[in-house]
Amino acid sequence: MTLTADQTVEALRAAGEPTRLRVLSLLAAEELSVMELSRVLDQSQPRVSRHLKLMADAGLIERFPDGARVFYRLSHDAQARRLIDTVLDLLDDGEGEADHRRLDEVRKERAIDAARYFEQVAPQWDKMRSLYVCESAVEAAVERAAGPGPFQRVVDLGTGSGRMLTLFGKKAKMSVGLDLSQNMLNIARANVSKAGLDKVELRHGDIFSTRLPPASADLVIVHQVLHYLADPAAAVAEAARVVSDGGKLLIVDFAPHAFEHLREAHQHRRLGFADAEIREWLEEAGLTPSAPIALPPDTEGLTVHIWTGERVVQTARKTA
Ligand SMILES: C[S@@+](CC[C@H](N)C(=O)[O-])C[C@H]1O[C@@H](n2cnc3c(N)ncnc32)[C@H](O)[C@@H]1O
């Protein structure tokens with residue numbers, strides 16, 4: 001598909017301003033809130049919002065509210081993306097580099113705060129996990145969504161204290177738990193050993209670049225991790241890369257909610273995820289999504305959703 005002349009002119013007009021080009025370049029790196037963009041660009045939020053509205057109206061970027069904040073990302077439309085990529089490829093300006101340096105600083109601050117948080121909460125994590133959800137109901141539903149097993153290799157990304165590893169331990173021939181926090185990994189080691197599991201490997205690593213071989217696990221789990229991440233779509237893509245033919249990726253996280261305090265108090269970056277958003281990420285990563293499972297809270301907590309994506313084997317698809 002191509003754009004009409006009018007659509008092209010409208011899109012170029014919307015992009016044709018220095019601050020807007022800077023915004024496009026920043027959003028090409030990751031989704032950002034108005035507040036973060038305003039900080040990196042050193043411009044007021046109303047001014048940045050005006051630029052964002054123009055570009056959203058022209059279909060160059062997408063707006064998505066998240067609790068009290070509004071985030072933006074580049075459009076998923078293939079033609080809009082081609083136009084943006086072409087424009088950004090032609091750009092060679094020092095201001096853009098300075099913006100990306102400031103974005104790196106914002107990212108580093110975020111990463112330091114999150115790392116400090118997880119190092120601190122590691123000893124209490126097993127108790128904290130159940131504060132907002134009914135843990136036994138979630139675990140039973142996760143086991144049902146995964147299927148009966150046995151599994152050749154389970155990979156738990158952002159394993160924390162290793163709860164998913166112990167849950168699936170006996171059904172897995174071997175498992176890998178990966179986490180950025182050494183304190184969390186130490187607790188996971190103790191929990192795994194207490195559960196008598198000897199085929200579990202705990203690795204220090206980043207969910208964005210796991211260094212795990214492609215198609216190497218028949219069950220990959222991302223349990224209560226996505227809402228901490230700056231680029232959840234990239235994490236889903238990396239998790240999906242590891243799923244073998246016929247294997248599954250299980251994502252367990254919150255449905256959209258309005259518990260704003262979780263950002264400051266517990267380092268949440270996103271207040272839950274919409275089903276359509278996760279579905280799109282799973283499909284983009286080449287997985288076939290199943291209908292999401294919703295687990296509402298007993299009382300005042302949060303609704304947990306389980307999203308499953310399967311790497312359907314091509315030949316099975318043809319004969320089905
Ligand atoms: C809320 S805990 C969840 C732990 C576990 N999955 C559970 O549900 O009990 C989130 C975990 O993700 C880890 N984490 C955060 N960012 C990460 C990243 N970029 N790569 C790997 N692990 C990360 C944190 O260290 C923490 O252990």
Side-chain angles (χ1 to χ4, degrees), residues 30-31 104 107-143 145-146 154-169 175-192 195 200-212 217 219-239 241-242 249-254 257 259 262-263 265-273 295 301-302 304-307:
E30 71 180 55
E31 60 187 37
D104 274 347
R107 272 194 193 131
K108 267 183 212 140
E109 281 170 25
R110 245 197 254 136
I112 289 169
D113 286 349
R116 201 177 286 140
Y117 170 79
F118 285 119
E119 294 303 326
Q120 271 169 10
V121 300
Q124 302 96 42
W125 179 250
D126 281 332
K127 276 197 198 114
M128 285 176 67
R129 198 192 303 107
S130 57
L131 280 184
Y132 298 94
V133 299
C134 172
E135 227 184 317
S136 55
V138 172
E139 291 182 357
V142 166
E143 283 194 276
V154 172
V155 166
D156 184 25
L157 300 174
T159 193
S161 54
R163 179 63 194 130
M164 289 296 116
L165 297 173
T166 53
L167 186 68
F168 285 98
S175 320
V176 178
L178 180 130
D179 206 285
L180 264 187
S181 159
Q182 293 288 8
N183 273 1
M184 284 287 196
L185 287 170
N186 288 339
I187 287 163
R189 256 175 220 117
N191 286 340
V192 158
V200 178
E201 195 186 312
L202 285 152
R203 290 194 192 179
H204 183 244
D206 193 338
I207 197 167
F208 294 113
S209 143
T210 62
R211 295 203 249 152
L212 293 164
L219 181 61
V220 178
I221 306 167
V222 181
H223 184 268
Q224 297 294 6
V225 181
L226 278 197
H227 60 258
Y228 294 102
L229 305 177
D231 194 349
V236 171
E238 174 62 3
R241 188 187 64 77
V242 179
L249 167 60
L250 295 192
I251 298 171
V252 185
D253 218 295
F254 299 123
H257 63 84
F259 285 33
L262 293 177
R263 292 194 211 270
H266 295 288
Q267 294 293 322
H268 291 207
R269 176 168 166 83
R270 292 285 306 274
L271 300 187
F273 297 93
L295 299 153
L302 296 167
V304 169
H305 279 197
I306 301 173
W307 296 276

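One-based numbering, in listed order, for ligands and for the atoms of each.
Note on ring orientation: taking the six-membered ring where Trp is involved, the planes of H268 and H257 are perpendicular (angle over 60°, cut-offs 30° and 60°).
If you take CG on N183 and CD on E119, they are separated by 4.0 Å, rounding to the nearest 0.5 Å. Put simply, CG on L165 and CD on E201 are 11.0 Å apart, with the number rounded to the nearest 0.5 Å. Between the CG atom in L178 and the NE2 atom in H204 there is a gap of 8.5 Å [rounded to 0.5 Å].
Nearest to atom 19 (N) of ligand 1 among the protein's heavy atoms is D206 OD1, 2.9 Å. Looking only at heavy atoms of the protein, atom 3 (C) of ligand 1 is closest to Q224 O, 3.5 Å. Given atom 15 (C) of ligand 1, the protein heavy atom at minimum distance is F118 CE1, 4.0 Å. Shortest contact from atom 4 (C) of ligand 1 to any protein heavy atom: G158 O, 3.3 Å. In terms of protein heavy-atom proximity, atom 20 (N) of ligand 1 is nearest to I207 N, 2.9 Å. Ranking the protein heavy atoms by distance from atom 16 (N) of ligand 1 puts L229 CD2, 3.6 Å first.
In this structure a side-chain-to-backbone donor-acceptor pair under 3.5 Å is present from T166 to R163. D231 places no side-chain N or O within donor-acceptor distance of the main-chain N or O of E30, the cut-off being under 3.5 Å.
Short contacts between ligand 1 and L180, defined as distances under 4.0 Å to a heavy atom of the residue, involve ligand atoms 17 (C), 18 (C), 19 (N), 20 (N), 21 (C), 22 (N). Atoms of ligand 1 found under 4.0 Å from any heavy atom of G160, numbered from 1 in the order shown, are 4 (C), 27 (O). Close approach of ligand 1 to Y228 (heavy-atom distance below 4.0 Å) involves ligand atoms 1 (C), 10 (C). Interface atoms of ligand 1 facing G205, defined by a heavy-atom separation under 4.0 Å, are 20 (N), 21 (C). Listed by atom number, the atoms of ligand 1 under 4.0 Å from T159 heavy atoms are 4 (C), 5 (C), 6 (N).
Geometrically, ligand 1 and D179 share a nitrogen or oxygen pair separated by less than 3.5 Å. Inclusion of V225 in the set of residues having an N or O under 3.5 Å from an N or O of ligand 1 is not warranted. Residue W125 has at least one N or O atom closer than 3.5 Å to an N or O atom of ligand 1. Residue-to-ligand polar distances place H223 within reach of ligand 1: an N/O pair is separated by less than 3.5 Å.
Distances shorter than 4.0 angstrom do not occur between any heavy atom of V222 and any atom of ligand 1.
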Run the numbers on D113 and R110 for salt bridge (Lys or Arg N to Asp or Glu O under 4.0 Å), then give the verdict. CA-CA 5 Å; D113 286 349; R110 245 197 254 136; over 6 Å; no
Does the pair M184 and W125 meet the rule for a side-chain contact (heavy atoms from CB on, under 4.5 Å), with working shown? CA-CA 9 Å; M184 284 287 196; W125 179 250; 3.9 Å; yes
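Look at R116 and E109 and you find no salt bridge, because none of the NZ, NE, NH1 or NH2 atoms lies under 4.0 Å from a carboxylate O. Between R270 and E31 a salt bridge is recorded (basic side-chain N to carboxylate O distance below 4.0 Å).
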